[in-house]
Number of protein chains: 2
Amino acid sequence: MANPQDRYAIIVEKFRKKSLKLTPQRLAIAKILALSKGHPSVEEIFEQLKKTFSTMSLATVYRNVLLLKSFGEVLELSFPDGSNRYDGNRPYPHPHVICIKCGAIVDPALDALKDLTHLVAKETGFQILTHRFDFFGICRRCQNSDKK
Amino acid sequence: MANPQDRYAIIVEKFRKKSLKLTPQRLAIAKILALSKGHPSVEEIFEQLKKTFSTMSLATVYRNVLLLKSFGEVLELSFPDGSNRYDGNRPYPHPHVICIKCGAIVDPALDALKDLTHLVAKETGFQILTHRFDFFGICRRCQNSDKK
DNA sequence: TTCTTAAAAGATAATAGTTATTATTTATTA
DNA sequence: TAATAAATAATAACTATTATCTTTTAAGAA
Ligand SMILES: [Mn+2]
Ligand SMILES: [Mn+2]
Ligand SMILES: [Zn+2]
Ligand SMILES: [Zn+2]
């Protein structure tokens, strides 16, 4: 996991470079995404920020997440049920392990993937640009709570 | 690729076993999915069937695809842009290679994956149930048409 | 074949997550 | 402090999918 402070600084610098205003709402959203503890959803970010910004609008969260996506500073994980989760700490393709019971998402250490990309390119003739690897299952905590 | 006739027979047998009616529309949808040439979308299935069934309703396609999903006889591939594609020929998790230009989806031969699942289970403590592996890129045909 | 009926089709309304719009507010700079 | 371009907040619009409801039909019985 990248250092959240570093990631935050990188994102703020991007805003500066593009002469975008550093509003408190925008910076707060960036801070949450730079940490990205547990890959938050837009709704979760919104709920968290409502405590600090009483007038916070859901549209503002969507707008800024979209903006950061366009900069390549946040990775969007969209799921079949329509929900989206975000990783602003590691904004590049990497595998994820998702608990189908509690929704927890973790980043596993898994290296054997660039080989796969090359293999696929060779076999299909595609020029591979990105990928998405998701493992779905039940996390340790949910396995234990099932046994009760 | 499984034999489309075999897949069709398996699906029809499932309908029979569950005492579901074998309507012409339902059977036509099953036939297209059993072939699954290019992983069709609901819209594509609908457009194709309108030629034969002038009164065909989009809702009927959705309803039957949903039904086949619930039987485990079709694999749904949902994408970030909201589009869904279906594989009724191989209705179990397997990797896909997707062209971001023309939307082509192919099934690559790629075996080194069950190992990965075990690796991830071991490392994270998750009980892994299913997965989704997508490679995004540009197909050979689109690479060539770009050069023009 | 005709009758009966539960299920499916067709048409359309509802839903939900996201994006667009617009008036108001605000960060930035001079 | 004042000017202004951009962001916010509130809400409308959008779109793919699902639900609802009426009409039609497949399938089994007589
Ligand atoms: Mn991640
Ligand atoms: Mn496939
Ligand atoms: Zn869990
Ligand atoms: Zn292509």
Side-chain angles (χ1 to χ4, degrees), chain A residues 11-33 39-71 74-86 103, chain B residues 11-33 39-71 74-86 103:
Chain A
I11 291 171
V12 172
E13 190 47 41
K14 277 253 174 121
F15 282 138
R16 279 231 172 74
K17 205 171 267 178
K18 291 169 188 284
S19 303
L20 294 169
K21 291 187 178 177
L22 303 176
T23 64
Q25 294 92 335
R26 174 166 290 166
L27 294 175
I29 292 165
K31 188 160 275 177
I32 290 176
L33 286 170
H39 304 77
S41 66
V42 161
E43 201 68 40
E44 281 165 1
I45 297 170
F46 173 64
E47 288 302 326
Q48 191 172 333
L49 291 180
K50 262 204 306 198
K51 296 168 192 165
T52 324
F53 302 90
S54 56
T55 63
M56 193 76 196
S57 167
L58 189 57
T60 296
V61 182
Y62 273 109
R63 212 183 301 117
N64 281 287
V65 166
L66 199 67
L67 193 65
L68 287 168
K69 247 200 306 177
S70 75
F71 297 169
V74 70
L75 179 72
E76 182 179 66
L77 301 175
S78 80
F79 291 100
D81 69 354
S83 65
N84 282 15
R85 304 279 290 267
Y86 297 90
Chain B
I11 291 171
V12 172
E13 192 45 43
K14 276 255 174 119
F15 282 137
R16 278 232 173 73
K17 205 171 267 177
K18 291 171 189 283
S19 303
L20 295 169
K21 292 186 178 177
L22 302 177
T23 64
Q25 294 92 336
R26 174 166 289 166
L27 294 175
I29 292 165
K31 188 159 277 178
I32 290 176
L33 286 170
H39 304 77
S41 66
V42 162
E43 200 67 39
E44 282 165 0
I45 296 170
F46 173 65
E47 289 302 325
Q48 191 173 334
L49 291 181
K50 261 204 308 198
K51 295 168 193 167
T52 324
F53 302 90
S54 56
T55 62
M56 193 76 197
S57 168
L58 190 57
T60 296
V61 183
Y62 273 109
R63 210 183 298 119
N64 280 287
V65 167
L66 199 67
L67 192 66
L68 286 169
K69 247 200 306 178
S70 76
F71 296 170
V74 71
L75 179 71
E76 182 178 67
L77 302 174
S78 81
F79 291 98
D81 69 354
S83 65
N84 282 15
R85 305 279 291 267
Y86 297 90

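Here the structure is a predicted model, which means the values were calculated and not measured.
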Would you mind reading off the distance between [X] atom [atom1] and [N] atom [atom2], rounded to a whole angstrom?
{"X": "Lys21(A)", "N": "dA27(C)", "atom1": "NZ", "atom2": "C1'", "result": "5 Å"}
{"X": "Phe53(A)", "N": "dA10(D)", "atom1": "CZ", "atom2": "P", "result": "14 Å"}
{"X": "Leu27(A)", "N": "dT8(D)", "atom1": "CG", "atom2": "P", "result": "10 Å"}
{"X": "Phe15(A)", "N": "dT8(D)", "atom1": "CZ", "atom2": "C1'", "result": "14 Å"}
{"X": "Ile45(A)", "N": "dT18(C)", "atom1": "CD1", "atom2": "C1'", "result": "14 Å"}
{"X": "Leu67(B)", "N": "dA19(D)", "atom1": "CG", "atom2": "P", "result": "13 Å"}
{"X": "Glu44(B)", "N": "dA16(D)", "atom1": "CD", "atom2": "P", "result": "13 Å"}
{"X": "Leu68(A)", "N": "dA7(D)", "atom1": "CG", "atom2": "P", "result": "12 Å"}

Discussion item. If you define the side chain from C-beta out and look only at heavy atoms, does anything of Met56(A) sit under 4.5 Å from Val61(A)?
Written reply: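 In short, these two side chains touch, coming nearer than 4.5 Å.
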Worksheet entry | Any side-chain heavy-atom pair of Asn64(B) and Leu67(B) under 4.5 Å |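 In contact.
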Worksheet entry | Value rounded to 0.5 Å, distance of CG in Leu33(B) from CD1 in Ile45(B) |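 It is 4.0 Å, given to the nearest 0.5 Å.
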Discussion item. Over all strands shown, is Leu58(B) touching base, sugar-phosphate only, or nothing at heavy-atom distances under 4.0 angstrom?
Written reply: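 No contact.
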Item to complete: Using a 4.0 Å heavy-atom cut-off across all strands, classify Pro80(B) as base, sugar-phosphate, or nothing.
Response: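 No contact.
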Can you figure out which of [options] approaches the side chain of [X] most closely?
{"X": "Arg26(A)", "options": "dA9(C), dA7(D), dT17(D)", "value": "dA7(D)"}
{"X": "Ala59(A)", "options": "dA20(C), dA9(C), dA8(C)", "value": "dA20(C)"}
{"X": "Leu66(B)", "options": "dT18(D), dA11(C), dA27(C)", "value": "dT18(D)"}

With a 4.0 Å cutoff (strictly under), does any side-chain N or O of [X] reach OP1 or OP2 of [N]?
{"X": "Arg63(B)", "N": "dA8(C)", "answer": "no"}
{"X": "Ser57(B)", "N": "dA11(C)", "answer": "no"}
{"X": "Asn84(B)", "N": "dT17(D)", "answer": "yes"}
{"X": "Thr23(B)", "N": "dA9(C)", "answer": "yes"}
{"X": "Tyr62(B)", "N": "dT17(D)", "answer": "yes"}
{"X": "Gln25(A)", "N": "dA9(D)", "answer": "yes"}

Worksheet item: Start at the 5' end of DNA chain D and walk down; is the nucleotide closest to Thr55(A) or to Asp81(B) reached first?
Response: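 Mapping each residue to its closest nucleotide by heavy atoms, the 5'-most match is Thr55(A).
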Worksheet entry | 5'-most by nearest nucleotide on DNA chain C - Ser19(B) or Met56(B) |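 So the residue in question is Ser19(B).
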Discussion item. Determine whether a donor-acceptor pair (N or O, by modelled atom type, separation under 3.5 Å) exists between the side chain of Lys14(A) and the backbone of Phe71(A).
Written reply: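 Here the side-chain-to-backbone pair exists.
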Worksheet item: Has the side chain of Arg26(A) got a donor or acceptor atom that lies under 3.5 Å from a matching backbone atom of Lys21(A)?
Response: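 Yes.
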Discussion item. I need the single residue from Val42(A), Leu77(A), Leu75(A) that forms a side chain to side chain contact (heavy atoms under 4.5 Å, CB included) with Tyr86(A). Which is it?
Written reply: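 Of the listed options, the one satisfying the test is Val42(A).
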